[in-house]
Amino acid sequence: MDTGNWSQVTEFIILGFPHLQGVQTYLFFLLLAIYLTTILGNLLIFLVVHMDSRLHTPMYKFVSILSILELGYTAATIPKMLMNLLSEKKTISFSGCLLQIYFFHSLGATECYLLTAMAYDRYLAICRPLHYPTLMTQTLCTKIAIGCWLGGLAGPVVEISLVSRLPFCGPNHIQHIFCDFPPVLSLACTDTSVNVLVDFIVNSCKILATFLLILSSYLQIICTVLRIPSAAGKKKAFSTCASHLTVVLIFYGSILFMYVRLKKSYSLDYDRALAVVYSVVTPFLNPFIYSLRNKEIKEALKRQLMRARMLG
């Protein structure tokens with residue numbers, strides 16, 4: 001196919017929610033409030049875990065890493081979304097679009113791996129409690145965390161490389177709330193079946209594999225807990241998993257429907273709604289899930305507040 005007469009697209013226009021043009025200002029303040037709450041909530045959890053020595057355990061180390069991860073995950077998309085809500089020119093450069101896709105997917109992949117590591121940690125703590133201190137050491141915890149980050153950062157490299165080589169000659173309107181592989185691929189001036197297949201394989205391996213590992217861990221946890229004779233023991237065991245399982249269900253419930261599919265079988269508004277769930281709602285809810293449902297974090301927060309009053 002001859003590409004010589006094509007004019008290469010240098011920027012894209014992100015349409016966002018075109019049906020909500022009349023309430024852009026209200027959406028801006030709502031999204032801003034959610035974003036600020038997300039930042040403050042995740043920072044608070046990170047600081048409480050690191051300031052309270054009683055929380056210096058592998059489980060809470062993973063929680064603190066997840067909090068920092070959520071800050072980067074939301075920073076990849078929400079600030080640009082806020083700018084577009086107030087701007088008439090909702091543009092993003094071609095390179096800026098690819099960078100947004102890279103950081104969003106790499107940090108999302110890191111979260112998949114980290115949630116899997118957290119499930120494995122709970123499996124060891126409940127199913128192999130006597131061996132847990134020797135199996136899940138601080139050194140192993142650190143190595144797992146580093147592995148999650150490195151694996152996540154390397155994840156989208158092949159997909160980004162393939163997209164960067166595609167010709168884009170117009171139109172340049174992205175039918176989404178931020179740059180992502182499916183809406184960007186739909187604008188290419190050539191066949192993208194290879195890209196779609198690679199995207200499907202990478203996402204299927206990454207999302208389905210981690211989800212199945214998490215599911216396997218919890219099936220074994222459930223079997224172990226059901227063998228505990230006392231109701232109090234069962235309740236205590238399940239309570240240590242409740243927060244993590246809630247986050248897993250919300251996060252995976254949306255990304256499975258969004259990314260593990262070969263064809264675009266849903267409406268654009270459906271995709272936008274799913275994107276809001278995993279890019280905005282889940283990071284917003286995480287601090288509340290881990291603080292309101294976790295007795296140890298609530299008690300640690302109270303201790304830090306009392307210490308701050310005494311010092312003040």
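Hydrogens, waters and symmetry mates are skipped; everything else that's a heavy atom, side chains included, is used. The structure presented is a predicted model; accordingly, all values stated were derived computationally and were not measured.
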- Item | R227: side-chain contact (heavy atoms from CB on, under 4.5 Å) partners, not counting sequence neighbours | C223, T224

- Query: Looking at residues at least two apart in the chain, or sitting in another chain, which of them share a salt bridge (charged side-chain N to carboxylate O under 4.0 Å, His left out) with R303?
  - Reply: D52

- Taking the side chain as C-beta and beyond, is there a heavy-atom pair between V184 and L98 under 4.5 Å? no

- Query: Within the distance-only criterion (no hydrogens, no angle test), does the side chain of R128 pair as donor or acceptor with the backbone N or O of Y123 below 3.5 angstrom?
  - Reply: no

- Task: Please write out which residues are connected to V158 in a hydrophobic cluster, directly or through intermediates, given that two of Ile, Leu, Val, Met, Phe, Trp, Tyr count as joined at side-chain heavy-atom separations below 4.5 angstrom.
- Result: L162, V194, V198, V202

Would you tabulate the side-chain donor-acceptor contacts of residues 35-45 under 3.5 Å, counting partners in other chains and residues two or more places apart, or write 'none'?
| unit_1 | atom_1 | unit_2 | atom_2 | d |
| --- | --- | --- | --- | --- |
| T37 | OG1 | A33 | O | 2.7 |
| T38 | OG1 | I34 | O | 2.7 |
| N42 | ND2 | T38 | O | 2.8 |

- Note on the structure: Members sharing I13's hydrophobic cluster, built from side-chain contacts under 4.5 Å between Ile, Leu, Val, Met, Phe, Trp and Tyr, are L15

- Query: Among pairs that include at least one residue of residues 100-120, which meet side chain to side chain donor-acceptor pair (under 3.5 Å), considering only residues two or more places apart or in two chains?
  - Reply: H105-D180

- With a cutoff of under 4.5 Å between side-chain heavy atoms, which Ile, Leu, Val, Met, Phe, Trp and Tyr residues group with M83? none

- With a 4.5 Å heavy-atom cut-off, do I92 and F178 have their side chains touching? no

- Kindly state each residue pair satisfying ring pair (Phe, Tyr, Trp, His ring centres under 6.0 Å) with at least one member in residues 43-65, sequence neighbours excluded. F46-H50

- Query: Considering residues at least two apart in sequence or located in another chain, which fulfil the ring pair (Phe, Tyr, Trp, His ring centres under 6.0 Å) criterion with F103?
  - Reply: none

- Item | V63 and M118, any side-chain heavy atoms less than 4.5 Å apart | yes

- Do the side chains of I78 and P283 get nearer than 4.5 Å, heavy atoms only? no

- Quick note, side chain to side chain donor-acceptor pair (under 3.5 Å) partners involving residues 70-84, not counting sequence neighbours, are E70-N286

- Applying side chain to side chain donor-acceptor pair (under 3.5 Å), name anything that partners T142, two or more places apart in sequence or on another chain. K61

- Task: Determine whether L219 and I228 fall in the same hydrophobic cluster, where Ile, Leu, Val, Met, Phe, Trp and Tyr are linked whenever their side-chain heavy atoms lie under 4.5 Å apart.
- Result: no

- Message: For the CG atom of L256 and the OG atom of S204, what is their distance to the nearest 0.5 Å?
- Response: 9.5 Å

- Query: Judged by atom type as modelled, is there a donor-acceptor pair below 3.5 Å linking the side chain of H244 to the main-chain atoms of L115?
  - Reply: yes

- Item | Verdict with reasoning, L114 to L69, per side-chain contact (heavy atoms from CB on, under 4.5 Å) | CA-CA 9 Å; L114 187 61; L69 177 62; 4.3 Å; yes

- What pairs with S186 under side-chain contact (heavy atoms from CB on, under 4.5 Å), at least two apart in sequence or on another chain? none

- Message: Does any part of the side chain of C112, heavy atoms only, come nearer than 4.5 Å to the side chain of F251, both counted from C-beta?
- Response: yes

